[in-house]
J.: 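Here's a structure for you.
Source: prediction; values computed, not measured.
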Amino acid sequence: MTWDLLITGGEHDGKQADLAIHNGRIAAIGPDLPRDARHITDVTGRLVTPGLIDLHTHVGPGYWSIDPDPIAWYSGVTTWVDAGSAGAYTLAGLRRVSTEATVRVPALLNISAVGLAGRTGECRDLANCDVALAIDTIAANRDLIHGIKVRIDTETVGANGIEPLRRGLAAADACGVPVMVHIGTVPPALDEVLDLLRPGDIVTHCASGIAAPLGPAVRAASERGVLLDLGHGSGGFAFDILEAQLDAGLRPYTISTDLHARSLHGPVFDLPTTMAKLLAVGVPLPEVIAAATTHPAAALGLPGGKLTVGTPADVAIFDVRVEDFPVTDAHRQVRVSPIRLINQATYVGGRLLTPRLPGPPAPWIPLTDAQREALARRERHIRDLLATPLIGVDGLAEQFPRTEPRSS
């Protein structure tokens, strides 16, 4: 057989391995594979991982939406789980995003039928939290929907407390899918939320500086199989909370960004930067990679997350730079990662993702003066680049910088 692509010389699972791709799937993996391929790419000295899976993003329609493709090609994220942007009323818009994107976009259905059309408040009217409608919507869209999302905080639920979560769990029970619950400002009390969750359900913002999830209820939830997801976002991650959890033997099962229109330009930026924040508090690199690949795939029953023969050829190539990399949480606490992951190439189904320029932020998104100036600098830089011959893929991630320094 002549393979479509052979990626040679990279490091995978701690050893050198070549990777052969044919018809969008992994055809062979091992050292010194035959050089019988239409295209051969040498990545000697670089880390080869499964395409990253971000368990919590917002790429569907609404207030928080971003376009995944202009970020995926330089970050290694091949699967973007949309975590509740769409409810039953707005799922058609998310399906269009999923169909048109070059990356994979599975979904968690918001228990509120209106989804995240606005900034918050989607569960203040319980008529929107229609269990029967959610069940019917999941049944009709099993290819797209892999779970239910419920946001539980004061602004979102108003006087309804944990009733939206009860409804989300009822729909999830009927459909055999997990629930991801967002935790934030109380009331409702965090213990009330955690005590309802089942094995396999997911708590996102698990190291939130707002909810401060520490204590017996968090440990009890984790011990009965509730999964802890980082879910960084604009305000959902604090280093001191994470460090206290790690000291108590609690570790995030999955690392996700909660990447959306208000976190994309800082403090999150992308998944490799978020992964560096776990490296900065001492989590080993293999565990960090598992928390962004195999673990999210297992949590939702998604394809990918591993590089084995027959699996989809979703692949990320990284430079692993051993250097001090200052990183910041949502509360401006700083830690220093000893490693910096720089994506060099990203493949979805064996196809190399090519550069895509991002659009401007939506007019309702608040930006600081520094962020606006950084966006203006990026636009000037891109215009200058477009006036010169296109540079090679290896330099693109550095040539299209984010809107804040990478150390932020």
Side-chain angles (χ1 to χ4, degrees), residues 52 54-59 63-77 80 83 85 116 119-120 182 184 204-205 207-210 229-242 252 255-281 288 292 321 323-337 339-343 356-382 397-408:
L52 304 183
D54 198 335
L55 195 69
H56 185 164
T57 72
H58 291 284
V59 299
Y63 177 94
W64 301 94
S65 177
I66 57 173
D67 183 355
D69 287 340
I71 306 156
W73 66 269
Y74 68 78
S75 67
V77 182
W80 296 63
S85 299
L116 298 180
R119 186 183 66 84
T120 190
H182 148 125
T204 193
H205 313 311
S208 166
I210 300 170
D229 171 60
L230 194 74
H232 191 314
S234 297
F237 169 60
F239 275 122
D240 56 333
I241 300 297
L242 176 61
I255 299 171
S256 71
T257 59
D258 185 18
L259 200 64
H260 54 66
R262 293 182 66 166
S263 66
L264 172 61
H265 305 298
V268 178
F269 300 115
D270 55 42
L271 187 51
T273 302
T274 303
M275 293 164 70
K277 300 181 188 189
L278 276 291
L279 296 169
V281 295
V288 168
R321 299 185 185 176
E323 61 186 33
D324 286 349
F325 179 29
V327 285
T328 307
D329 69 8
H331 305 279
R332 298 190 179 184
Q333 299 179 93
V334 178
R335 302 292 186 270
V336 178
S337 170
I339 293 173
R340 183 174 171 185
L341 296 172
I342 303 295
N343 179 254
R356 289 275 303 274
L357 301 183
W364 56 81
I365 298 301
L367 296 172
T368 66
D369 290 342
Q371 286 174 323
R372 292 185 186 282
E373 175 54 31
L375 284 168
R377 287 198 305 272
R378 182 180 69 181
E379 181 177 349
R380 292 193 296 269
H381 183 58
I382 289 171
E398 295 298 322
Q399 290 296 318
F400 289 86
R402 295 174 291 181
T403 56
E404 288 283 343
R406 287 185 183 268
S407 62
S408 296

J.: Where do K277 and L242 land on the side chain to side chain contact (heavy atoms under 4.5 Å, CB included) test, with the steps shown first?
T.: CA-CA 10 Å; K277 300 181 188 189; L242 176 61; over 6 Å; no

J.: Can you see which heavy atom on L279 is nearest to which on S337, and at what distance?
T.: CB-OG, 3.6 Å

J.: Looking at every non-hydrogen atom in both residues, tell me the closest pair between D258 and H260 and how far apart they are.
T.: O-CD2, 3.0 Å

J.: Evaluate side chain to side chain contact (heavy atoms under 4.5 Å, CB included) for L341 paired with F325, printing each intermediate quantity in order.
T.: CA-CA 10 Å; L341 296 172; F325 179 29; over 6 Å; no

J.: What pair of heavy atoms forms the shortest contact from A292 to L271, and how long is it?
T.: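 It is CB-CD2, 4.2 Å.
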
J.: State the OG-NE2 distance between S234 and H265, to the nearest 0.5 angstrom.
T.: 10.5 Å

J.: Measure the spacing between CD1 of I255 and CG of L278 and express it to the nearest 0.5 Å.
T.: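 It comes to 3.5 Å.
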
J.: Using every non-hydrogen atom in the two residues, find where Y74 and D270 come nearest and quote the distance to one decimal.
T.: CE1-OD2, 3.9 Å

J.: What distance separates L367 CG from L375 CG, expressed to the nearest 0.5 Å?
T.: 6.0 Å

J.: So, does S256 use its side chain to make a donor-acceptor pair with the main chain of G231 at under 3.5 Å?
T.: yes

J.: In Å, rounded to the nearest 0.5 Å, how long is the span from CG of L259 to CD1 of I71?
T.: 5.0 Å

J.: Answer with yes or no whether the side chains of T204 and H56 bring together a donor and an acceptor at under 3.5 Å.
T.: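 Per modelled atom types, H56 and T204 side chains form a pair under 3.5 Å.
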
J.: Between L52 and M275, is the side chain to side chain contact (heavy atoms under 4.5 Å, CB included) condition met? List the steps.
T.: CA-CA 11 Å; L52 304 183; M275 293 164 70; 3.8 Å; yes

J.: Between D67 and R356, is any pair of side-chain heavy atoms under 4.5 Å apart?
T.: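 D67 reaches R356 side chain to side chain.
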
J.: How many angstroms lie between CG in D324 and CZ in R340, if you round to the nearest 0.5 Å?
T.: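 D324 atom CG to R340 atom CZ measures 11.5 Å (nearest 0.5 Å).
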
J.: Applying side chain to side chain contact (heavy atoms under 4.5 Å, CB included) to L116 and Y63, what does each step give before you reach the verdict?
T.: CA-CA 6 Å; L116 298 180; Y63 177 94; 5.9 Å; no

J.: Grab the two heavy atoms, one from A261 and one from S65, that are nearest each other, plus how far apart they are.
T.: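 Heavy atoms only, the tightest pair is CB-O, 3.8 Å.
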
J.: For R262 versus W64, what's the shortest heavy-atom pair and its separation?
T.: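 That would be CD-CZ3, 3.6 Å.
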
J.: Out of curiosity, T257 OG1 to D229 CG, how far, rounded to the nearest 0.5 Å?
T.: 9.0 Å

